[in-house]
Structures are given as structure tokens and as C-alpha cells.
Amino acid sequence: MDNELLMKMTEYYAGQPNRIQHFMKVYAYSRMLGEMEGLDSRTQHILEAAAAVHDIGIRRSEELYGDCSGKHQEELGPEEAEKMLTGLGYGRELTERVCFLVGRHHTYTDIDGMDHQILVEADFLVNLFENEDGINKKAVDNALERIFVTKSGKAVLKTMFLAE
């Protein structure tokens, strides 16, 4: 079912390859980190679905506010995610958790669960690279110190950005 969701998200962002590339990278890192951290299959499935739709609020945010701020994504994303997931036949419990994660993926305090932690870390890995101003070593160090918790997430971050 996740391939259906990935295709639906690709269609949702038709003509916006940067958005498609972003969510696919976050999905891939989420999948990898979740597997490396040994998540149970249910939590892994929730994580992967959340990674696919984590930025689904961007389109509505741009329509309503003219921006794609994290706050607006969190505000508008859960409703959009719920529509898509329900339409694809995802169950209520999974949909509710995914919507919770979509509504908190830019909130770095009170992280609730490994699915939430890994989603945040995966999004950070991609955002640190995609930064318009280039890779910022201070931002990487700050993320390592304040955001990253998982062994696998820290290893990827260090290997990607801090290896010499």
C-alpha cells in the first residue's frame, strides 16, 4: 500500500520535482533509520506513511498564506493527510497517528515516540543538505547536539556532513 501512497504523493506534487525529491528522500531515510533502530512492523509502517505525507500541508499553506512555513505545514497538513490516507484505505488508528506526526514534524520538543524521532531526524538530514545557503556546519553541529537521538541517525549525520 505504501507504493500507492508514494505515487499519490507524486501526483499531488505533479510538476514540482523538488517537492517529490524531498519527500522521497525523507521516506528513504525514515525507512532506513527505522529498520536500523529495529522498529516493530506497525511502527515502521506508520513512520513510512508519515514520511511520505509529512509535507502535504505545503500546497494549502502556499494557497492560503503565500508561504510554506513549518507552522503552517503543521496546521494544515493533518487534514490533507487524513483525506489522502482514508481515500487509499488506511485504517483509522494508523491515519490518526500519521496525522499527529504530520502536525508535529517541525516541533522538536516533546517528541513522542520513535516514529516521531526518526521522522524528525530523516527530515533534518534532507533539509540540512537542501538548504538554499548550502551546508551550514553550525546547523549540523546544533542538530547533532539538540535534535538527533538515535544511534543510526547520528551515524548518518556524522558520515554525511562531518566526515573529513
Side-chain angles (χ1 to χ4, degrees), residues 1-131 147-150 152-153 156-157 160:
M1 194 176 287
D2 282 338
N3 284 335
E4 269 186 280
L5 179 58
L6 293 171
M7 192 62 214
K8 194 63 132 173
M9 280 302 297
T10 301
E11 292 165 358
Y12 186 83
Y13 286 129
Q16 297 180 335
N18 59 323
R19 300 264 189 246
I20 296 164
Q21 290 286 318
H22 177 81
F23 86 77
M24 287 299 294
K25 287 187 270 185
V26 172
Y27 172 83
Y29 282 119
S30 292
R31 182 176 180 166
M32 181 180 93
L33 297 178
E35 289 175 356
M36 290 174 71
E37 292 297 318
L39 295 184
D40 63 85
S41 62
R42 178 186 162 277
T43 305
Q44 183 75 29
H45 190 217
I46 289 168
L47 170 61
E48 290 178 20
V53 300
H54 77 283
D55 279 345
I56 197 169
I58 285 177
R59 198 163 79 182
R60 292 273 299 136
S61 178
E62 290 174 334
E63 290 168 4
L64 293 175
Y65 303 111
D67 68 38
C68 59
S69 76
K71 178 181 179 231
H72 292 146
Q73 288 178 46
E74 289 183 339
E75 171 192 333
L76 301 168
E79 183 179 340
E80 295 296 307
E82 182 178 15
K83 284 188 243 177
M84 184 173 289
L85 294 168
T86 301
L88 290 171
Y90 282 79
R92 184 182 58 78
E93 184 182 333
L94 181 139
T95 298
E96 285 176 3
R97 181 64 182 172
V98 168
C99 289
F100 171 82
L101 295 173
V102 168
R104 299 212 15 108
H105 79 279
H106 283 289
T107 301
Y108 310 126
T109 57
D110 300 322
I111 290 184
D112 176 27
M114 284 300 286
D115 50 359
H116 190 185
Q117 181 65 44
I118 292 170
L119 178 61
V120 165
E121 290 181 13
D123 198 26
F124 251 90
L125 288 169
V126 177
N127 286 335
L128 286 166
F129 176 75
E130 291 179 346
N131 184 350
I147 304 298
F148 281 67
V149 171
T150 69
S152 56
V156 173
L157 180 78
M160 189 181 305

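The structure displayed is predicted, hence computed values, not measured ones.
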When rounded to the nearest 0.5 Å, the distance separating CD of Glu48 from CG of Leu5 is 10.5 Å
Only one of Glu79, Glu74, Glu75, Glu80 passes salt bridge (charged side-chain N to carboxylate O under 4.0 Å, His left out) with Arg60, and that residue is Glu80
Interatomic distance, CZ@Arg19 vs OH@Tyr12, rounded to 0.5 Å, equals 10.5 Å
CD of Gln73 to CG of Asp55, rounded to nearest 0.5 Å, is 4.5 Å
Considering only NZ, NE, NH1 and NH2 on the basic side and carboxylate oxygens on the acidic side, decide whether Asp112 and Arg97 come within less than 4.0 Å. yes
Tyr13 vs Ile58, side chain to side chain contact (heavy atoms under 4.5 Å, CB included): CA-CA, chis, key distance, verdict: CA-CA 10 Å; Tyr13 286 129; Ile58 285 177; 4.2 Å; yes
Pairwise side-chain contact, Asp2 with Tyr90, heavy-atom cut-off 4.5 Å (strictly under):
yes
Margin query: What I'd like to find out is whether the side chain of Met160 reaches to under 4.5 Å of the side chain of Leu128, using heavy atoms alone.
Written below: no
**Message:** Using side-chain heavy atoms (C-beta onward) and a distance below 4.5 Å, is Leu76 in contact with Arg59?
**Reply:** no
- Message: With a 3.5 Å distance limit and no angle check, can you tell me whether Glu62 reaches the backbone of Gly57 through a side-chain donor-acceptor pair?
- Response: no
What's the verdict on side chain to side chain contact (heavy atoms under 4.5 Å, CB included) for Thr150 and Met114, showing C-alpha distance, side-chain angles and the deciding distance? CA-CA 9 Å; Thr150 69; Met114 284 300 286; 3.5 Å; yes
Shortest non-hydrogen pair, Gly77 vs Ile56, comes out as O-CG2, 3.3 Å
The reported gap from CG in Leu119 to NE2 in His106 (rounded to nearest 0.5 angstrom) is 9.0 Å
Polar side-chain atom of Gln44 near backbone of Glu35 as donor-acceptor pair, under 3.5 Å:
yes
Value for CG (Asp123) from OG (Ser30), rounded to nearest 0.5 Å, stands at 8.0 Å
message: For the CD atom on Glu11, are there more than 12 heavy atoms of other groups (residues, nucleotides or ligands in this structure) within a distance under 6.0 Å?
response: yes
Rounded to the nearest 0.5 Å, the OG1 atom of Thr107 sits from the NZ atom of Lys71 at a distance of 11.0 Å
Taking 4.0 angstrom as the limit, do Glu4 and Lys8 come out as a salt bridge? no
Sub-3.5 Å donor-acceptor pair from the side chain of Tyr29 to the main-chain atoms of Leu125, do we have one? no
Sub-4.5 Å side-chain heavy-atom contact between Glu121 and Glu37: no
When the ring planes of His105 and His54 are compared, do they come out parallel, tilted or perpendicular, using 30° and 60° as the limits? perpendicular
TODO: Can you establish whether the number of heavy atoms outside Gln21 located under 6.0 Å from its atom CD is more than 12?
DONE: no
_Phe129, CZ atom: more than 12 neighbouring heavy atoms under 6.0 Å_ = no
**Prompt:** Does the side chain of Arg104 come within less than 4.5 Å of Asp110's, by heavy atoms?
**Reply:** yes
- prompt: Under a 4.5 Å cut-off applied to non-hydrogen side-chain atoms, are Phe23 and Leu6 in contact?
  reply: yes
